Each structure stands twice: as structure tokens, then as C-alpha cells.
Amino acid sequence: MAEVLVAQRIEELKTQLNQYAYEYYVKDQPTVEDHVYDALYRELIELETKHPDLITEDSPTQRVGGIILEGFEKAVHDIPLYSLNDVFSQAEILAFDQRVQKAVGHPVTYTCELKIDGLSISLRYEEGKFVRGATRGDGSVGENITENLKTVKSIPMTLREPITIEVRGECYMPKASFLRLNQEREEAGLDVFANPRNAAAGSLRQLDSGVTAKRNLSTFLYAVADVAPLEAETQYDMLTELDQLGFRINTESRLCETIEEVWSYIEELHEHRMELPYEIDGVVIKVNEFHLQEELGFTVKAPRWAAAYKFPPEEAQTMIEDIEWT
Ligand SMILES: NC(=O)c1cnc(OC2CCCC2)nc1N
């Protein structure tokens with residue numbers, strides 16, 4: 001096949017395969033059977049092997065890892081990753097709302113998000129291209145784990161808009177993947193992980209990104225370092241915008257008009273959390289309007305406009321009989 005036709009075919013395959021991967025890993029709505037994806041993938045591998053000069057960073061073949069690092073470089077967060085003030089009761093939720101209303105002088109709306117029990121990550125994009133991925137670390141300095149995060153299929157290598165932005169979210173291991181991994185480790189005589197969060201952390205701290213690639217990690221994104229590149233003026237609209245950019249967003253997030261609605265959301269999710277395919281340890285409540293967040297500001301470690309309601313500790317969430325095996 002003539003060189004120019006090969007280049008054309010490679011572009012077609014990359015576009016098609018990246019779209020299929022987006023539907024499968026980001027939207028959880030695959031439109032083709034695995035064997036269709038696999039056949040196109042094999043064709044791309046064959047063409048790239050014959051024409052390595054045509055391999056690009058955003059090719060789906062580059063998500064299998066293989067880089068082995070000596071260690072992780074430091075990653076400075078120009079805008080810190082904040083932690084959250086924890087609350088443990090309905091009374092504390094109401095007190096939080098009273099403090100907010102007193103400070104801004106009127107009632108506010110809240111965005112409620114599931115508190116995903118994974119590892120906090122920060123993803124930097126320049127003109128739509130993924131350039132750096134990092135752990136939270138102490139909030140100001142984390143570890144550069146770009147190579148490992150490139151293997152996490154729900155993390156886009158190219159955004160749907162060529163914007164420069166830094167987004168924050170959680171990288172986690174689904175319950176089903178956690179159980180499968182521990183069974184494999186047990187059969188291999190290796191130590192098992194205590195919970196999906198530890199398994200995700202261990203998978204992201206791998207110096208061999210080929211190992212990370214096999215751990216079936218996923219993500220939910222929920223914040224940006226600086227809202228300037230976005231149109232959104234509220235947390236809830238920002239989640240929609242991150243979805244449109246190509247990020248994986250948690251569909252359980254809810255806009256609550258009153259603190260009473262926040263509490264019923266908390267009760268509802270506390271009841272149904274065992275049915276979720278990933279572990280959560282509570283609900284994050286955020287004042288929805290960005291201009292009110294700015295007015296409320298931060299304490300030395302956490303925003304005054306957010307709170308993390310932690311569910312009371314109960315029996316382990318990962319019950320083998322509850323998991324439908326993917
Ligand atoms: N574990 C979570 O699911 C989670 C963690 N953090 C945040 O918000 C950060 C960003 C702004 C204040 C704290 N939201 C979440 N959903």
C-alpha cells in the first residue's frame with residue numbers, strides 16, 4: 001500500500017478506535033462488540049509496526065504502557081489541591097448550611113457528589129493534549145505519574161476542545177477488578193490488597209507502567225485548578241462542561257436546592273452504596289455558585305464552601321456475592 005494511503009488508513013483507525021474506547025471507558029455505552037474493536041486494533045498494530053515513524057502519542061496502541069522509571073519526579077501544584085472538612089451527622093450538615101447562609105446573607109444551592117474512595121489526581125492539558133498527570137501528595141507537591149495515567153483508558157489523551165486546563169478528580173479501582181486482582185494475587189502467593197483504594201494507590205505507584213495498564217483503573221473528574229478556561233459559573237454546570245470535553249463524570253451527582261434535599265440525597269446514597277460498582281465513603285457537598293465559593297474562601301487547609309459527609313463505618317463494602325462479574 002502506498003505510504004500516503006497507509007498514513008490515511010492509520011488516521012482512520014486511530015479515530016475509530018479512540019471513539020470506540022471513549023464510548024466504552026468514558027461513557028460506559030459501547031456501540032460495538034469487543035471483536036470488532038480487536039480486529040481494527042490488530043490492523044493498526046500491523047501498520048504501525050511496519051511504519052513506526054507514523055506512531056503518534058494519541059494512538060490507542062500507546063496505552064499499554066511499557067515505560068519503566070527509576071523513580072517518580074516531583075510534581076508541583078501551582079494551585080493546591082485542597083482537602084475537605086469532614087462532617088459526620090445531619091446536625092453538622094445543618095450547621096454547615098447555617099454558617100454558609102450567615103456568611104453570604106441568603107440561602108444557597110448545593111451540588112452533591114459521591115465521595116469516591118480512590119486516589120486524588122491532577123491532569124494537565126495544553127491546547128487539548130495531555131501533558132502531565134500527578135498524585136495529590138501533600139496538596140502542594142505530588143509525584144509525576146504521567147506514564148502510568150496514560151494507561152488509564154478513561155483519561156483522554158486529547159480533549160474535544162484544544163484548551164489549556166488542569167482538572168482534578170479521583171482514580172479508583174472498580175470493585176469487580178479489585179476482587180479479580182486479589183484472587184489472582186492469592187493464587188500467585190502474593191499479598192492481597194486490603195481495599196480498592198489501596199489497590200488503586202499501589203497500581204499508580206508502579207514504576208513499570210505496563211503493570212498499571214493491566215489494573216483496569218478508572219476515573220471520575222470533579223474539579224479544575226482554575227475555572228477561567230471554562231464557561232461554567234457553577235459546580236454543576238462545570239461537571240457538564242468536563243463531560244463535553246471528554247472526561248468521565250459521575251452521573252450520580254445532584255443539584256440540591258435546599259439542605260433538606262442534600263440530606264435526603266445522603267440517606268438515599270447511603271442506602272444504595274452497596275449496589276455501586278465502586279467504593280464510596282460518603283458524599284461531598286459543594287456550594288454550587290462559583291462567585292459564592294470565592295466569597296466564602298478557604299481556611300488554611302480546606303474550602304469553607306464544601307464539606308465531606310462521611311458514612312458511619314460499616315461492614316466491608318466489597319461483598320463477593322454482590323458483584324456482577326464483568
Ligand atoms: N473523593 C471525591 O469524590 C471528591 C474529592 N474532592 C472533591 O472536591 C475537592 C475539590 C474542591 C474541594 C475538594 N470532590 C469530590 N467528589
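Computed from a predicted model, the values in this text were never measured in an experiment. Counting starts at 1 for both ligands and their atoms, in listed order.
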| message | For S120, give me all partners under side-chain hydrogen bond (donor to acceptor under 3.5 Å, both in side chains), at least two apart in sequence or on another chain. | response |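 S120 satisfies side-chain hydrogen bond (donor to acceptor under 3.5 Å, both in side chains) with no other residue.
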| query | What residue and atom, counting heavy atoms only, is the protein's closest point to atom 10 (C) of ligand 1, and at what distance? | reply |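 The closest one turns out to be A223 CB, 3.8 Å.
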| request: Identify, for atom 7 (C) of ligand 1, the protein heavy atom at the shortest distance, and state residue, atom and that distance. | output: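 So the nearest neighbour among protein heavy atoms is Y222 CE1, 3.4 Å.
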With backbone taken as N, CA, C and O and side chain as the heavy atoms from C-beta onward, which portion of [X] lies under 4.0 Å from ligand 1: side chain, backbone, both, or neither?
X	value
K115	both
L114	backbone
K286	side chain
I116	both
W305	side chain

| message | Please give me the minimum heavy-atom distance between S203 and T212, naming the atom from each residue. | response |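 S203 and T212 have their closest heavy atoms at O-OG1, 2.9 Å.
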| said: Between D243 and R248, does any side-chain N to carboxylate O distance fall below 4.0 Å? | reply: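 Salt bridge absent between D243 and R248.
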| request: In plain terms, say whether E113 and K286 are close enough for a salt bridge, that is, a side-chain N and a carboxylate O under 4.0 Å apart. | output: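 Looking at E113 and K286, the cut-off is met.
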| query | Which atoms of ligand 1 sit under 4.0 Å from any heavy atom of E170? | reply |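 In order of number, 1 (N), 2 (C).
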| Going by the order shown, which atoms of ligand 1 are within less than 4.0 Å of some heavy atom of E113? |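 Taking each heavy atom of E113 in turn, ligand 1 has 14 (N), 15 (C), 16 (N) under 4.0 Å.
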| query | By side chain to side chain contact (heavy atoms under 4.5 Å, CB included), which residues pair with Q244, not counting sequence neighbours? | reply |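 In terms of side chain to side chain contact (heavy atoms under 4.5 Å, CB included), with neighbours along the sequence ignored, Q244 is linked to T240, E241.
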| More than 12 non-hydrogen atoms from neighbouring residues, nucleotides or ligands closer than 6.0 Å to CD on Q62, yes or no? |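 Enclosed.
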| field | S59 side chain to E48 side chain, donor-acceptor N/O pair below 3.5 angstrom | value |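 There is such a pair between these side chains.
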